[in-house]
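Inspection log for the structure reproduced underneath, given as structure tokens.
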Amino acid sequence: MKSNSFSERGIDRNWTLCRGCHNIVVVTDYCPRCHTRVDPRRPHSLQYAWALLLTAVIMIFPANFYPITQVTNQGVTGYDTIFSGIISLVESEMVGIAIIVFIASILVPVMKIVGLSIILLAVTLKLRLSRRWLMIFYHVIEFIGRWSMLDLFVIGIVASLINMGQLLDAKPAPAATFFAMVILFTQLAAKSIDTRLLWDLEYHDEQ
């Protein structure tokens, strides 16, 4: 016997949400209001999300192992990775900025990748995890994603403050591009997930 929670899904009542104008329509091919194609679930949502997430995982290695800043001081050029930059900030007694860089550059990207992996694994393998907690998890990932570019913002501010022409010059290094790609691909992966798949997960779990 079906539980009452089954009736909460629009798909069980032949209702579908139009992604173009957010109109709720009876299952049909195209929305009668904006003529956008209507699908009960976003096509290939999992495949897109997995592909984007795996790309972000690949990008995070050069983002951390290549230099992210290039500093030229009196003709001598030095490079810093994210980790060595944090150490340098701590040694320079700029602990507050070091904490911000650590959170934005290491903690947030890793948390997003791990969180998205858990959500995608739960949907793909139909794991017995709470839909409510998975949705909370997803919204947290979306929220912290807004702050992911804080590290590049800090680098830009620091570079503009210490840039003194030929004597002292600071600029982003190649890892900054990889880091921006990590943020971009994790954001796109989160946006690619059709959260209604989490509703289906609980539906299948209760059957």
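Here the structure is a predicted model, which means the values were calculated and not measured. Index from 1, following the sequence. Worth knowing before you read on, the calculation uses all heavy atoms, side chains too, and leaves out hydrogens, waters and symmetry mates.
- A distance of 8.5 Å separates CD of E142 from OG1 of T195, quoted to the nearest 0.5 Å.
- Side-chain N or O atoms of S45 include one that pairs as donor or acceptor with a backbone N or O of S192 at under 3.5 Å.
- Residue L54 is not grouped with residue I141 when hydrophobic side chains (ILVMFWY) are merged at heavy-atom distances under 4.5 angstrom, including chains of intermediate members.
- Under the 4.5 Å side-chain heavy-atom criterion for ILVMFWY residues, a single connected hydrophobic cluster contains both L107 and I68.
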T36/Y30 under side chain to side chain contact (heavy atoms under 4.5 Å, CB included): CA gap, chis, key distance, verdict: CA-CA 5 Å; T36 300; Y30 294 93; over 6 Å; no
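- One hydrophobic cluster, built from ILVMFWY side chains closer than 4.5 Å, cannot hold both V90 and Y79; they sit in different ones.
- Although no hydrogens or angles enter the test, the distance criterion places no donor-acceptor pair under 3.5 Å between the side chain of D80 and the main chain of T69.
- Side-chain contact between T55 and L188 is absent, with no heavy-atom pair separated by less than 4.5 Å.
- Interatomic distance, CD1 of I82 versus CZ of F102, reported as 11.0 Å (0.5 Å rounding).
- Annotation: ring-ring contact (aromatic ring centres under 6.0 Å, His included) contacts of Y66 (sequence neighbours excluded): F178.
- At least one side-chain heavy atom of I119 sits under 4.5 Å from a side-chain heavy atom of I193.
- Hydrophobic clustering places L120 together with V110 (ILVMFWY residues linked when any side-chain heavy atoms are closer than 4.5 Å, directly or through intermediates).
- In the displayed structure, Q47 atom CD is contacted under 6.0 Å by more than 12 heavy atoms of other residues, nucleotides or ligands.
- Contact between S117 and I113 at its shortest, heavy atoms only, is OG-O, 2.7 Å.
- Considering every non-hydrogen atom in both P109 and A104, the closest pair reads CD-O, 3.3 Å.
- With sequence neighbours left out, Y48 forms a ring-ring contact (aromatic ring centres under 6.0 Å, His included) with no residue at all.
- In the hydrophobic clustering of ILVMFWY residues, with side-chain heavy atoms under 4.5 Å counting as a link, W50 and L127 come out together.
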task: Would you sort out whether M135 and R132 count as a side chain to side chain contact (heavy atoms under 4.5 Å, CB included), showing the intermediate values?
output: CA-CA 5 Å; M135 285 300 299; R132 179 171 176 267; 6.0 Å; no
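- Heavy atoms of other residues, nucleotides or ligands lying less than 6.0 angstrom from CD1 of I24 number 12 at most.
- Nearest heavy atoms, A189 versus L116: CB-CD1, 4.2 Å.
- A donor-acceptor pair is defined here as one N or O able to donate and one able to accept, closer than 3.5 Å; such a pair exists between the side chain of R33 and the backbone of C21.
- The backbone N or O of V182 lies less than 3.5 Å from a partner atom in the side chain of T186, making a donor-acceptor pair.
- Every residue two or more places apart in sequence or in another chain that forms a salt bridge (charged side-chain N to carboxylate O under 4.0 Å, His left out) with R37 is listed here: D39.
- Closest heavy-atom contact between P67 and A173: O-CB, 3.1 Å.
- Contact check for K112 versus Q187: side-chain heavy atoms found under the 4.5 Å cut-off.
- Rounding to the nearest 0.5 Å gives a distance of 13.5 Å between CZ of F185 and CD1 of I60.
- Within the model, atoms OG1 of T177 and CE of M59 stand 11.0 Å from one another, a figure rounded to the nearest 0.5 Å.
- When all heavy atoms of N64 and T81 are compared, the pair lying nearest together is O-CB, 3.7 Å.
- A heavy-atom distance below 4.5 Å is not found between the side chains of S105 and F83.
- Side-chain contact check for L17 versus R196: some heavy-atom pair is nearer than 4.5 Å.
- Put simply, the side chain of I86 reaches to within 4.5 Å of the side chain of I106, judged on heavy atoms.
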